[in-house]
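Read through the structure below, which is laid out as C-alpha cells, and then see the notes.
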Amino acid sequence: MKEFLCGSVFFGMFISVFAYEIGLLIKKKWKLAILNPLLISILLVMIFLILTGTDYEDYSTGAKYLSYLLTPSTVCLAIPLYRELAQLKKNWKAIGIGVLAGVLTSLGSVLLLASLFGFTHQQYVTLLPKSITTAIGMGVSEELGGIVNVTVAAIIITGILGNMIADMVYSLFRIQEPVAKGLALGASAHAVGTVKAMQMGEVEGAISSLAIAVAGIITVAGASIFANFL
C-alpha cells in the first residue's frame, strides 16, 4: 500500500489537501484561534509521514505541484485591492508610512535577536524575509545565501502566528480602523494574515493585499542592506 501511494505522482498533493480539509473542519467546529487550518494540516502531514515511515522526498514529489499555485494565488489578491481602490487613494500616505514601519520593524527585530543569540550570517539572512510572502521570500533568502527551506518554515510560522493573534492584539490595543488592521496583517503576516483580514472585511482584505506587495518590494531592497549589518 505504501509503495502504491508513494508511487503516485499526486500522493503528496492528496495528503496535503486532505489534511487541510480536516483542519478546516476542526476550525469550523471549535472556532479557536489556535486551531489554524494550516497549522493543523502541517502537524497532520508530519504525523502521517512519521507513522508510515514515508520519506519526505516521496511526499515532496507530489506536494511540489501545490507550490506552483503560490504566485498566481498571490496575484489574485489584486482583485479585492481593485474593488477598494478609492480607499487606497484616500489613505495612500498612511499606507506608505505604515508598510515602511512594518518592514523596518521586521528587519530590525531579526537583527536584534540574531545579535543577542549569536546567529551566524547565514542563519541571520535566512530569517530576514520571514514577514513577506513565500514566493518573494524564497528568492530573497537564496540571493542572500540563506537556507531556503528554513526561510519557508519561518514565513509559514510567522503567518500562522499573525493570523492567530490578530484579534487579541486588536482588542488589546483597541484598534478598530479597517485600514490599520489590513496594513498590520499584510505587512507582518503576508498571505496567511491576509486570509484573516478578508474574514474581517473587504477593506481590511484589500489593504492587506496591497501591504503584501509593497512590503515585499521594500523588503527585497531592505534585506539587502540589513544583510550587511551582521
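Note that the numbering runs from 1 along the sequence shown for the chain.
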Task: Candidates K196, Q199, K181 - the one meeting side-chain hydrogen bond (donor to acceptor under 3.5 Å, both in side chains) with D167 - done: K196
Open item on the list: Taking the side chain as everything from C-beta on, heavy atoms only, tell me whether V179 gets closer than 4.5 Å to K90.
Closed with: no
Open item on the list: Would you say that L107 contacts L128 through its side chain, given a criterion of any heavy-atom pair below 4.5 Å between the two side chains?
Closed with: yes
- [ ] Search all heavy atoms of L39 against all heavy atoms of M164 and return the closest pair with its distance.
- [x] CD2-SD, 4.3 Å
Open item on the list: Using only atom types and a distance under 3.5 Å, with no angle test, would you say the side chain of S209 pairs donor to acceptor with the backbone of G205?
Closed with: yes
- [ ] Using the six-membered ring wherever Trp is involved, compare the ring planes of F14 and F18 and label them parallel, tilted or perpendicular (cut-offs 30° and 60°).
- [x] parallel
Task: Side chain N36, main chain L38, donor-acceptor under 3.5 Å - done: yes
Open item on the list: Within this structure, what is the CG-CG distance for the pair L144 and N228, rounded to the nearest 0.5 Å?
Closed with: 9.0 Å
Open item on the list: side-chain contact (heavy atoms from CB on, under 4.5 Å) for T54 and I15? Distances and angles first, verdict last.
Closed with: CA-CA 12 Å; T54 304; I15 294 299; over 6 Å; no
Open item on the list: Quick check on the hydrophobic clustering: are L43 and I50 connected, directly or via other members, by side-chain heavy-atom contacts under 4.5 Å?
Closed with: no
Open item on the list: Count I, L, V, M, F, W, Y as connected when their side-chain heavy atoms are under 4.5 Å apart, and connections chain through other members. Are V220 and L104 then in the same cluster?
Closed with: yes
TODO: To the nearest 0.5 angstrom, please state how far the CG atom of L127 sits from the CD1 atom of I155.
DONE: 10.0 Å
Open item on the list: So which atom in A215 and which in A187 form the shortest heavy-atom distance, rounded to 0.1 Å?
Closed with: CB-CA, 4.3 Å
Open item on the list: In this structure, would I97 and L100 fall into the same cluster of hydrophobic residues linked by side-chain contacts under 4.5 Å?
Closed with: no
TODO: Report the distance from atom CE of M138 to atom OG1 of T134, rounding to the nearest 0.5 Å.
DONE: 7.5 Å
Task: Student check: side-chain heavy atoms of F117 and Q123 closer than 4.5 Å - done: no
Open item on the list: Rounded to the nearest 0.5 Å, what separates atom CD1 in I95 from atom CG in L210?
Closed with: 5.5 Å
TODO: Give the minimum heavy-atom separation between Y124 and A227, together with the two atoms involved.
DONE: CE2-CA, 4.0 Å
Open item on the list: For Y59 and F11, take the angle between the two ring planes, folded into 0 to 90°, and tell me which bin it lands in: parallel under 30, tilted 30 to 60, perpendicular over 60.
Closed with: perpendicular
Task: Main-chain N/O of T151 paired with K130 side-chain donor or acceptor, under 3.5 Å - done: no
Open item on the list: Tell me if the CD1 atom of I175 is crowded by more than 12 foreign heavy atoms within 6.0 Å.
Closed with: yes
Task: Expected output: side-chain S41 to main-chain G23 donor-acceptor under 3.5 Å - done: no
Task: CD1 on I212 to CD1 on I207, rounded to 0.5 Å - done: 12.0 Å
- [ ] Answer yes or no: is there a donor N or O on one side and an acceptor on the other, between the side chain of S141 and the main chain of G137, under 3.5 Å?
- [x] no
Open item on the list: Looking at every heavy atom in both G159 and V192, which two are closest together, and how far apart are they?
Closed with: O-CG1, 3.4 Å
Open item on the list: Applying a strict under-4.5 Å side-chain criterion to I, L, V, M, F, W and Y, I'd like to know whether L35 and I160 cluster together.
Closed with: yes
Task: Minimum-distance pair of heavy atoms, taken over all atoms of T158 and A154 - done: OG1-O, 2.7 Å
TODO: Output the distance between atom CD (E177) and atom CD (E204), rounded to the nearest 0.5 Å.
DONE: 8.5 Å
Task: T219 vs I136 side-chain heavy atoms within contact, under 4.5 Å - done: no
Open item on the list: Could you check whether any side-chain N or O of S208 sits under 3.5 Å from a backbone N or O of G186, counting only pairs where one atom can act as donor and the other as acceptor?
Closed with: yes
Task: For the student: nearest non-hydrogen atoms of L230 and S115, plus distance - done: CD1-OG, 4.2 Å
Task: L111-I132 co-clustered via ILVMFWY side chain contacts under 4.5 Å - done: yes
Open item on the list: Keeping S60 on the side-chain end and Y56 on the backbone end, is there a donor-acceptor pair under 3.5 Å?
Closed with: no
